[in-house]
Structures are given as structure tokens and as C-alpha cells.
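Each remark here refers to the structure printed beneath this line.
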Amino acid sequence: MSAKTRTADVIIVGAGIVGNSAAYYLRKKGLSCIVLEEKMIGDGGSCRNGGGVRQSGRDPREFGLAAYAVKHIWPYLKDELGIDVEYRQTGYLVCGYNEDHYQSIASRVDTAASFGVEMKMLRGDAIKDICPYVSEHVTCAGWTPSDGVSNPMRATLAYYIRARELGAQFITGEKAVRINKIRGRARQVVTESGNVYEGDKILVAAGYYGRPLLKTVGLYVPLQKKLNEMIVTEPAPHMFDHMIGGMSGFYGQQTVHGSFVFGSPSGREYTFFEQDSTETTAVTTSFIAGSIGIDIPAVKSLKVVRTWGGWVDINLDGVPVLGTVEEVPGLLVVIGSSAHGFGPGPAVGLCMAHLAADEPSPVDISKLHYDRFDYLNKQPRYQSASNGGALIR
């Protein structure tokens, strides 16, 4: 097939929850868009996470996005999209095991309060009142009633379905390899097949795989990828509806179907071997199961029926890069969600749609802009010892 040039108001790279929701909101504004996806719709982290929709534990710079999504988007998404995304605002319980954890959770309570979000510090019987299934191992906890859970696959695909119905074009199997600037502005996305997609704005929302694409216009995001692994148990009688997590790193929920979906890093994934694929490992799977069994003994006898893994893009400072980029007019970036981008995802997509339409963002994301890393480019660098260690500026 010969190469083609296609045009739209906005070219989006990445069909996760951000790219799909941005396409939906752009079409509602009457702007045309083409969404390019290298693999399948929702193939990345958007469909490979635990479904948490939380505000608690957020960095202050991203807290506003999470709070906006919880207040203005998630409760109404089923009615707006006409698809049940299995959203339940049933609260989030984060469990701690010692005094250091108590202090850490208490700091989260303070951050939540500064944004007007209720989060309670719990000890003893107050924890059991929320979740009688936790063990005595849990000595303190934070409870955020307005947090909740959703089904990641249903939510991501719901936005895709409705965006397509509104006229957004989705093209899978198109790997974006270069951004071209015309007269100083980002205008074109070139794919591996040689096709060219041109628009007034370009939105890169492709997770870790957006990093090499951004390099083609001189943007270097301090990013690494890390494997996120999940387990799914056999269905069990109903125990609780809320999201639950631990300071050990585990998190998860009991779905509406009865199965438990839990995830956690083991901290040992890269100690014994290098992970080059998203295949799950015995190391992390067994760690997740053991960690959950300590905190929630009632699930210890359940069988693990399925596992999956996916890459997450971890940013240097643990929060994403969002918004316009001063160095490259016409370019919008969403990258480095650092394993917690699903919950705020619809709000991020909405903000990007506003910016693509030259409208102000409904949420202040100024502290998440790319320019916060300017200091990295201003640090002195040194040549190797073989070159005498001469200073390079």
C-alpha cells in the first residue's frame, strides 16, 4: 500500500483512556481527530491496572485532576456514555502496619484536606468497622469515602466506542516514529509505514512508547518503564465493595462479579533477572498472593485463575508531564503517569481537548508542564575519564 497523507484538526498518538477520552471530548467540540495506535485499542496500562479511582495518596501537583475526575466525571460517566463502566464510589482504605506508616498516611490526610477532600485517619476497631476482614497486622489506616473503583477495560473502550460514533477516526497497526515541524510548529506524525498524518495540534498520549517519539522534536522526558503485574482470583462470596491497598504496595478490589483483582510490585522483579516482556512472573505473583493473605486472611484459600502484566511509565519525580510544550508549539503531551493515571484519565483527556481547542484547561496543570525539568538541561555534565573528565556545558 502506498503512503498516504491524512489531515484532521488534531492527531492523537495513543488509544488508552487519555487518547480515547480526548477524542470523545474533541468531537463534542466539533473538532476532527485521528487516533493512531501501534497495537490494539487500550493495549497499554489503561486496561492493565487495578481500576482504582482515588484521590488519596496523590502528589499535590496532580491532586486537582484526580479530585475533578471524581467530582465531575466518574459519577456521570455511565449516563453520558450509555455504557456501564462499573464505577462504584465505595471508598478507599489504605492499610499501614507501624508508626512510620501512620505518619505517612497522616500526611496524606493533610494533603486531602487542603483540597477539600475528606480523608480519615483510623486505628483499632475503627478499621474493622470499615473492613472487618483485615487482620491484626493492620494497625492504622486511611479512609477516603469519595474514592472508588471502575472497570478499566470497560471505561477505556466506552470512550472509544462513543468517540467513533461521533466521527473520530481510529487507526490501529500504525506505529508513530517521527513528528515533523513545519514553520516551527508540530504539524505532522509520520508512521513506520510511511503514512503522514497532519493536524493543527498533535497530542502524544502513548505511555512509555511516546518517549522516542518526543525525542524526534528534542524533548527528553526522564522516564523509565516498570512492569505492573496483576492477579485475578476465582469468584468468592461478597466481602466488601471498597478499594483496598497497603503500604506494602498491594492494591485491589472485589469486582461486581465476585473475583478479586489485586496488583503489587514485589521489589524483586529486577534483582534476579531482566524483564523484557510483559509476561507475568512467579516472583511477583507469589508475592502479591502472600501479601494479600497477610492483610486479608479470608482470601488465602482462593485460587488465582489469571494473571497479566503491562508496562507503566515512571517519571523521575513520580507525576506526569501534561499540557502544552513551549519549545514545540502545536504539541500536547501526556506521559509519565507513573502507574496511577487511570483514575484521573478522563479529566486529563478533557483538559487536553480544551487545550487543543485553544481553550483554558478546566484544571490547573501548570505544575505538571514539561518545563519543570529545565534544570536537568542546565546541570553541568562531564566527559568520561578517558577524555580527562573535562567539563561539558
Side-chain angles (χ1 to χ4, degrees), residues 16 39-40 42-54 57 86 92-97 101 131 133-135 137-138 149-156 207-209 224-314 337-343:
K39 298 180 180 179
M40 299 181 295
D43 184 70
S46 293
C47 289
R48 298 173 186 265
N49 64 83
V53 180
R54 63 173 173 85
E86 297 178 5
Y92 178 67
L93 185 74
V94 57
C95 303
Y97 322 117
H101 290 163
C131 186
Y133 296 94
V134 297
S135 72
H137 177 64
V138 177
V149 295
S150 180
N151 183 316
M153 184 172 290
R154 292 184 68 88
T156 301
Y208 183 81
Y209 297 104
Q224 63 178 334
K225 65 178 180 180
K226 186 175 182 180
L227 188 66
N228 181 57
E229 297 183 53
M230 307 291 300
I231 66 171
V232 181
T233 74
E234 62 183 328
H238 176 263
M239 294 185 195
F240 51 82
D241 295 314
H242 54 75
M243 190 80 173
I244 189 167
M247 296 300 286
S248 61
F250 89 86
Y251 54 91
Q253 58 163 306
Q254 185 173 24
T255 69
V256 295
H257 315 289
S259 298
F260 285 91
V261 178
F262 284 119
S264 173
S266 72
R268 298 177 292 173
E269 291 90 344
Y270 301 103
T271 302
F272 306 111
F273 54 86
E274 290 188 10
Q275 184 75 15
D276 295 321
S277 72
T278 57
E279 294 178 0
T280 55
T281 66
V283 172
T284 302
T285 299
S286 60
F287 180 88
I288 296 172
S291 181
I292 304 306
I294 292 172
D295 284 13
I296 313 172
V299 306
K300 289 177 68 174
S301 61
L302 296 178
K303 294 182 175 65
V304 174
V305 298
R306 188 160 61 93
T307 66
W308 79 81
W311 297 119
V312 293
D313 44 338
I314 305 293
S337 295
S338 301
H340 43 80
F342 172 70

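Just so you know, these numbers come straight off a predicted model, no measurement behind them.
Closest non-hydrogen pair, T156 versus G42, comes out as CG2-CA, 4.0 Å. Scanning both residues, H238 and Y133, for their nearest heavy atoms gives O-OH, 4.2 Å. Nearest approach of T233 to L302, heavy atoms of both residues: OG1-CD1, 3.9 Å. In plain terms, the two heavy atoms of A236 and F260 that are nearest each other are CB-CE1, 4.1 Å. Heavy-atom minimum distance, H257 versus E86: NE2-OE2, 3.4 Å. Annotation for V138 and C95: closest pair CG1-CB, 3.6 Å, computed over non-hydrogen atoms.
For residues 243-255, no residue pair satisfies the salt bridge (Lys or Arg N to Asp or Glu O under 4.0 Å) rule, not counting sequence neighbours. Counting only residues at least two apart or on different chains, the side-chain hydrogen bond (donor to acceptor under 3.5 Å, both in side chains) pairs with a member in residues 290-305 are Y97-D295, S248-S291. Pairs of residues two or more places apart, or lying in two chains, never qualify as salt bridge (Lys or Arg N to Asp or Glu O under 4.0 Å) while including a residue from residues 231-240.
Considering NZ of K226 and CG of D313, their distance stands at 13.0 Å, rounded to 0.5 Å. Taking CD1 of I294 as the reference point, atom CZ of F250 lies at 10.0 Å (rounded to 0.5 Å). A distance of 7.0 Å separates OG1 of T285 from CD1 of I231, quoted to the nearest 0.5 Å. Here the straight-line distance linking atom SG of C131 with atom CG of L93 works out to 6.5 Å at 0.5 Å rounding. Rounded to the nearest 0.5 Å, atoms CD1 (I292) and CD1 (I244) are 8.0 Å apart. Atom CE of M230 sits about 5.0 Å away from atom CH2 of W308, to the nearest 0.5 Å.
Qualifying side-chain hydrogen bond (donor to acceptor under 3.5 Å, both in side chains) partners for H340, counting only residues two or more places apart in sequence or in other chains: R58, E62. Remark: Q253 engages R88 in a side-chain hydrogen bond (donor to acceptor under 3.5 Å, both in side chains) (not counting sequence neighbours). Remark: T255 engages no residue in a side-chain hydrogen bond (donor to acceptor under 3.5 Å, both in side chains) (not counting sequence neighbours).
Atom CE of M153 sits in a sparse spot, with 12 or fewer heavy atoms from other residues, nucleotides or ligands closer than 6.0 Å.
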